[in-house]
Q: 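This is the structure, below, for whatever I ask next.
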Amino acid sequence: MFLEFKKEVEHVLKEALKKASYDYEELDLDLDLEESEHADIASRIAFSLARTYKKPPEIIAADIANHLNLEIPAENTLISDAAAAGPYINFYVNEFFLHKTLQKIKDGEPAEEKKKGKIIIEHTSANPDGPLHIGHLRNAIIGDVLVRVLKRAGFDVETHYYVNDMGRQIAVAVWGAERIAFATNKKADHAVADVYIAANRLVEENGEFLKDVEKLMRKYESEDEAAVKKYEAVVKKCLSGTQASLERLNIRHDSFVWESGFVRGGAVEEVMEELKQKGNVKFDGSALLLKLEGIEKELVIQRTDGTSLYTTRDLAYHRWKSDRCDRVIDVFGKDHELVSQQLTKALEILGVKVPEFVIFEFVSLPTGSLSTRAGRYIAADELMEKIEERAYEEVAKRREDLDEGKKHEIARKVGIGALRYDMVKVSSDKHITFVFDDALDIEKKGAPFIQYSHARACSILRAAEERGFSIADDYDASLRKESSEKELIKMLAGFENIVEEAASELKPHLVAKYARELAESFNLFYKDCPVLNADEGIRKARLVLVDCAKTVLSDVLDVLGIESPEEM
RNA sequence: GGGGUCGUAGGGUAGUGGAUAUCCUGUCAGGUUCCGGACCUGAUAACCUGGGUUCGAAUCCCAGCGACUCCGCCA
């Protein structure tokens, strides 16, 4: 509803500017509208007019305000009032706006198809040689929230997990599996990691083994049947574990795309040939280098022995993706920033539409940066386990009345929710230090705070039903007088706007911030405004509001990939 | 050495040119005859330094300092 309000403000303001003879169009000036704590929307245009018309902005603002025509019948406008406040022109919503906002939420999503095109988004894509750790978790959760935001904003979204099955690391793991048995009592990805780490040690100790590994890699690249079977067994085993972890986090990918497919299908070969023709390439011995504009270092696209490299294979993958959608989005760690630039330049040479990158900064531990080798990492599974345990303690403390199954279910929703919220609430270009105890501290104003508001709303609605109160449309909106109920409705009206913003700027943390503010707003309303104990008229009006708040709280949590428990 | 990102109360964090800088946490002081206190209210306390652009800078530019990171015929 906020967007409709903004449109009307634009219209009314433009009319006033014309009447007051300000040539904003000629001057190519923006109306400079912003949300503000002083008004529902404010315009700062007087500042920019001040220069041209050589008058103080306060005078101009007052002048424009005097020319505003707000004599519109109440059912045709969303504006109640507008006035100059110093150099600003402030606009306020009316009762009809509040009423329409609730009605729209109650009626649900309009059936109109708002197809905005197809997006392929790649995220997580961890090497299949071990379990996910907290670094991957940030990638996965940022990626998943972005997917949900974009879907909600009307895009057709397909999610990819790119499987790096051609690297040396995987080869070591596969080689290791030939001689070391997988532990049978461990989750699949953890069992693979054990073998990989043990194999790594062997290879480091004995140079002969390294040759075996390289032989295996060549066999795999040339599609040797036995090698392919061995690879598939190990990679699929590991991925099954990864998928289980992601599932637990409420994350699912639409498809897993194997890197090797692009080598085997000849796509990599094609890319290299085309780059030779279109790009500025040169040989260094028999290795092939590609000069990229604006990047100091040449990109090696073919090894001396003629085999392909990761980057080349990634180019083939991106071309393939690009043919299948309107926009390509990659969620990459900060360490891939240079790679992303190289990718972009090389794709431009190939005439392929370039991807958009969401780069997130690193996660480190208080003891230093993450390092699988040094054993400085926290496995995602371990973290989820611990946080659910912690959540269970909290639930058990508060809800002795519930049975075990119910308590565990709530603990799972609260624990995973807290984890997900923690990972998206911070802007992705911010480096974060992961402190285990802080993450486990569920008391902070994170997901549980928002879930609690939702549970409260549910609780009121449940009690209303028990007492036989119905949620009806025939309420009297004029009985709504408390500022906290009006503020809450305005917050509800802003939801779609926030989704749009998060989608266009690819900033998932905006949604997290909004969710918290909405919950805050609901809690203030809850404090100020009795619902069930109010007089019938007021009760009716407030029940509708509670119902709508519940809907939006649950919607925003869903966009964050967090479940909304009805009680907790 | 070269490039990039970041620097906001004791710790963490929002805010990409405009009104009194957001929120959490910490510390201190309060609040429930009422629908769930995982809640609410108040106090405390911050824009790294130095220049510049601008009517106006946390925000843009330059320099410095600090943190992290990238600069493989690895992935």
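In the text below, chain A, chain B and the rest are named by the order of the sequence lines, each starting its count at 1.
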Q: Name all residues meeting the ring pair (Phe, Tyr, Trp, His ring centres under 6.0 Å) criterion together with A:His136; count only those two or more places apart in sequence or in a different chain, and write none if there are none.
A: A:His133
Q: Can you list the residues that meet the side-chain contact (heavy atoms from CB on, under 4.5 Å) rule with A:Lys407, with sequence neighbours excluded?
A: A:Tyr392, A:Val395, A:Ala396, A:Leu402, A:Glu404
Q: Which residue pairs pass the ring pair (Phe, Tyr, Trp, His ring centres under 6.0 Å) test when at least one of the two sits in residues 515-542 of chain A, sequence neighbours left out?
A: A:Phe522-A:Phe525
Q: Please list, for nucleotides 19-22 of chain B, all pairs of protein and nucleotide N/O atoms separated by less than 3.5 Å.
A:
| unit_1 | atom_1 | unit_2 | atom_2 | d |
| --- | --- | --- | --- | --- |
| B:A19 | O4' | A:Tyr88 | OH | 3.3 |
| B:A19 | O2' | A:His38 | NE2 | 2.7 |
| B:A19 | N6 | A:Ser36 | OG | 3.4 |
| B:A19 | N6 | A:Asn90 | OD1 | 3.1 |
| B:A19 | N1 | A:Asn90 | OD1 | 3.3 |
| B:A19 | N1 | A:Asn90 | ND2 | 3.4 |

Q: Output side-chain donor-acceptor pairs under 3.5 Å for residues 429-442 of chain A, partner residues at least two apart or in another chain, one line each.
A:
| unit_1 | atom_1 | unit_2 | atom_2 | d |
| --- | --- | --- | --- | --- |
| A:Asp429 | OD1 | A:Ser427 | OG | 2.7 |
| A:His431 | NE2 | A:Ser364 | OG | 3.1 |
| A:Asp441 | OD1 | A:Glu443 | N | 3.2 |

Q: Walk along nucleotides 38-43 of chain B from 5' to 3' and tag each nucleotide B, S or - by protein heavy-atom contact under 4.0 Å, base first, then sugar-phosphate.
A: BSSS--
Q: So, using side-chain contact (heavy atoms from CB on, under 4.5 Å) as the criterion, who are the partners of A:Glu296 when residues are at least two apart?
A: none
Q: Can you list everything that forms a side chain to side chain donor-acceptor pair (under 3.5 Å) with A:Arg516? Sequence neighbours excluded, please.
A: none
Q: Would you kindly give the CG-to-P distance between A:Leu440 and B:U25, to the nearest whole Å?
A: 17 Å
Q: Would you please name every residue forming a side-chain contact (heavy atoms from CB on, under 4.5 Å) with A:Asn90, sequence neighbours left out?
A: A:His38, A:Ala39, A:Ala42, A:Ala85, A:Tyr88, A:Tyr92
Q: For a quick check, with a 4.0 angstrom heavy-atom cut-off, what is the B/S/- contact string for nucleotides 65-75 of chain B, read 5' to 3'?
A: ---SSSSSBSB
Q: For residues 299-310 of chain A, which side-chain N or O atoms pair as donor and acceptor with protein atoms under 3.5 Å away, sequence neighbours left out?
A:
| unit_1 | atom_1 | unit_2 | atom_2 | d |
| --- | --- | --- | --- | --- |
| A:Gln302 | NE2 | A:Gly306 | O | 3.2 |
| A:Arg303 | NH1 | A:Thr307 | OG1 | 2.9 |
| A:Arg303 | NH1 | A:Ser308 | O | 3.1 |
| A:Asp305 | OD1 | A:Thr307 | N | 3.0 |
| A:Asp305 | OD1 | A:Thr307 | OG1 | 2.7 |
| A:Ser308 | OG | A:Arg313 | NH1 | 3.2 |

Q: With sequence neighbours excluded, what pairs up with A:Asp547 under the side-chain contact (heavy atoms from CB on, under 4.5 Å) test?
A: A:Leu461, A:Ile471
